[in-house]
There are 2 protein chains.
Amino acid sequence: MLDLDERKVKILKAIIQNYLETGEPVGSRTISKYTDINLSSATIRNEMADLEEMGYIIQPHTSAGRIPSDKGYRFYVDMLMEDKVKEVDDMKNILLEKADKLENLLQQVAKLLAVNTNYTTMVTAPQFKKKVKFIQLTEIEDNQLLVVIVFEGNIVRNKIVNVTASLNKEMVFKLNFVLNTYLQGLDLEEINLPVITQMREQAGEYQIIINDILDAIMKSVSEEDDMKIFTSGTTNILKYPELRDNDKATELLYTIEEKKLLTGILQDNMDDDENRGIQVYIGDETPIETMKDCSVVTATYEIEEGVYGKVGIIGPKRMDYEKVVSTLQSLMMQLDEIFKKKT
Amino acid sequence: MLDLDERKVKILKAIIQNYLETGEPVGSRTISKYTDINLSSATIRNEMADLEEMGYIIQPHTSAGRIPSDKGYRFYVDMLMEDKVKEVDDMKNILLEKADKLENLLQQVAKLLAVNTNYTTMVTAPQFKKKVKFIQLTEIEDNQLLVVIVFEGNIVRNKIVNVTASLNKEMVFKLNFVLNTYLQGLDLEEINLPVITQMREQAGEYQIIINDILDAIMKSVSEEDDMKIFTSGTTNILKYPELRDNDKATELLYTIEEKKLLTGILQDNMDDDENRGIQVYIGDETPIETMKDCSVVTATYEIEEGVYGKVGIIGPKRMDYEKVVSTLQSLMMQLDEIFKKKT
DNA sequence: GTTAGCACTCTCTGCGAAAGAGTGCTAACA
DNA sequence: TGTTAGCACTCTTTCGCAGAGAGTGCTAAC
């Protein structure tokens, strides 16, 4: 990687930056004229030939300028990017105003990011810890039970359960008591057969219902758990001619609509401690086939100790990495503040 | 409208059907050869000239065949369509399996329809009656209150409220009692100042919290109420060359992504009794500007007495109206069954 | 090591010719 | 009088080709 002398680096940087702006292949003349590198186009040409041989840039055809290769972008992202510390519009206020419910907040985050960056964005809901805080049963009809479950972190889920037996207050009271006694503080994984058997015994005559309720609990979690992903700015993709072409755009849009297909890149290595920062996937580096012509930048946010979600931005390979990265950094900080305040 | 003799009608129908299939302008020769109308192309040409003059068909340019005008489509939809009573794949079973929660069910409906028709689909959540069935407060932290509201029709909403005062069991109990006494059975519109004042008086020292809670109730309704719309098959639009072109596709996709923009066509005249059936909007007839080159077919479903939602299908003007209409009809019947069973 | 110069390559644009499709009109036919 | 065959005409689409433009690689000179 360090086989580049200073001049080559300068030229490479100039090529990439120019290409990021224009999206057109960059010729030697452009570099020699419009940068502070005072060399003739011929010299630049020689250097460019070298850079191409080394794989940092590519010539679409013989008589065109050069465009960065994936390797070139990689080098740029790793070594050349300057930290634009410019404070991005602070979104915090807008976010706090609009969003009281987590879902809405995340949707808003996606939208704000999309508007700010002009790329497509995606946000996953955090994978909350499934520790039961308490459970509350309420009778709503003679044979219908409303089950409200509050998990650690104040995640609330509710579900209506139809029971076969006819209900009465005593029964509901007892069930409430039993359920809470046994399940409070338990992780979902900890609700195993021994616990269930014990509860059954305690419940006495009502034990048939216990099953129904446990079912509901499990379902209500796994259901939402199948990865809620919020997206925004889908159509931004069509703003970039290199993606708009052919059927690539269609495939891409389809991938984004079928949100499940995005998990590949958003779930990727959430547990790996190293990958908590900002990650950049360039072209082929992406785990998602249909995004081979794109770059994706992801970041991890933390809602509270140990509860993570991800934010991602999808754009053309020539995306404005600096802006995207700094915007994400800024966003992460602001989200941190929001969540800390909330707790 | 009845200025068309039988032969003209036959020819018009042939033109439209052919165009629906191919998407290409239809020439006189095609009609004379590939239909059971035994006339020479010359005769057909004469008739076509007439039809054009009357506004049913259009010539994109002098030496091209004819394509239907909006008026032509309208005539076709109103007069010529045959009821394909063919039973469409019964979706009921798939639906019942997959969807226990209303939201999921509606999302599934959208998806199924999209897959079945190859068009873009949208489904609105039903506008439920906002009659309070009961309210339940639970203390989850020292200064946090979980408010669960169940509305008529077993729609459940929950919200966490931060209160300034520190809570205790007595307080929560009393508030629960007061709220339920006063609000049960009330429509949200009926919660007016007198009621609120009375409640305040009853609540005594806790009256500050009452406001917070009422706020939460109102918010939790209006929030979800801002029209949940589910869409699916967005990218299907790109399958039709006449829409794929230019920036029209982009605009369309944008309209669909910004689901709020769809309310124009989905909320339209829900109260009008006449419009409960299946409605077809052709080209300019649509209330949504960006869909001028599309046709939209909507249908109204009824979840229970007086609670309606809409289903819509967006496609090119040359959409397969017969199939779409019959699919929707079949879907409506199946939804009816599902909802009746549920209640 | 740098640069000027030049031949070379490739793409893009515009243009005209040719092909193809379909029409409208006229004249003949039943 | 309605239907049809025939033909000239119009318009689009396709193709090839020439010329312009952009950029290169190489060579030779500085």
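Every chain is numbered from 1, with letters handed out A, B, ... down the list of sequences. Keep in mind it's a predicted model, so treat the numbers as computed, not measured.
- Under a cut-off of 6.0 angstrom, the local environment of CZ in A:Arg29 is sparse, with at most 12 non-hydrogen atoms contributed by other residues, nucleotides or ligands.
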Hey, can you pull the donor-acceptor pairs under 3.5 Å for the side chains in residues 6-16 of chain B, sequence neighbours left out?
from, atom 1, to, atom 2, distance (Å)
B:Arg7, NE, B:Glu47, OE2, 2.7
B:Arg7, NH2, B:Glu47, OE2, 2.6
B:Lys8, NZ, B:Glu47, OE1, 3.1
B:Lys8, NZ, B:Asp50, OD2, 3.4
B:Lys13, NZ, B:Glu82, OE2, 2.5

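- The shortest distance between side-chain heavy atoms of B:Ile278 and B:Gln329 falls below 4.5 Å.
- Side-chain contact between B:Tyr56 and B:Arg66: absent, with no pair of heavy atoms (C-beta onward) separated by less than 4.5 Å.
- Put simply, NZ on B:Lys317 and CE on B:Met291 are 14.0 Å apart, with the number rounded to the nearest 0.5 Å.
- Proximity of a side-chain donor or acceptor of B:Thr124 to a complementary backbone N or O of B:Lys310 within less than 3.5 Å is detected.
- Contacts between residues 27-55 of chain A and DNA chain D, defined by a heavy-atom separation below 4.0 Å, involve A:Gly27, A:Ser28, A:Arg45, A:Met48, listed by number.
- Considering only side-chain atoms of B:Arg7, the nucleotide from D:dT3, D:dT10, D:dA22 that sits closest is D:dT3.
- One can place CD1 of A:Ile58 at 17 Å from C1' of C:dC10, the figure rounded to the nearest angstrom.
- Relative to the side chain of A:His61, the nucleotides C:dT2, C:dG24, C:dC10 differ in distance, and C:dC10 lies closest.
- Between C:dG24, C:dC10, D:dC11, one nucleotide has an atom nearer to the side chain of B:Arg66 than all others, and that is C:dG24.
- In this structure, B:Gln59 atom CD and C:dA21 atom C1' are separated by 12 Å, rounded to whole Å.
- Taking a pair as Watson-Crick or G-U wobble with both distances under 3.5 Å, the runs of three or more consecutive pairs in DNA chain D are C:1-30 with D:1-30.
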Q: Would you check, one step at a time, whether the test salt bridge (Lys or Arg N to Asp or Glu O under 4.0 Å) holds for A:Glu258 with B:Lys111?
A: CA-CA 10 Å; A:Glu258 285 295 315; B:Lys111 190 162 187 180; 3.2 Å; yes

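- Taking 3.5 Å as the limit, the base of C:dC10 and the side chain of A:Ser63 contain a donor-acceptor pair of atoms between them.
- At a threshold of 4.5 Å between non-hydrogen side-chain atoms, the residues A:Thr231 and A:Leu262 count as touching.
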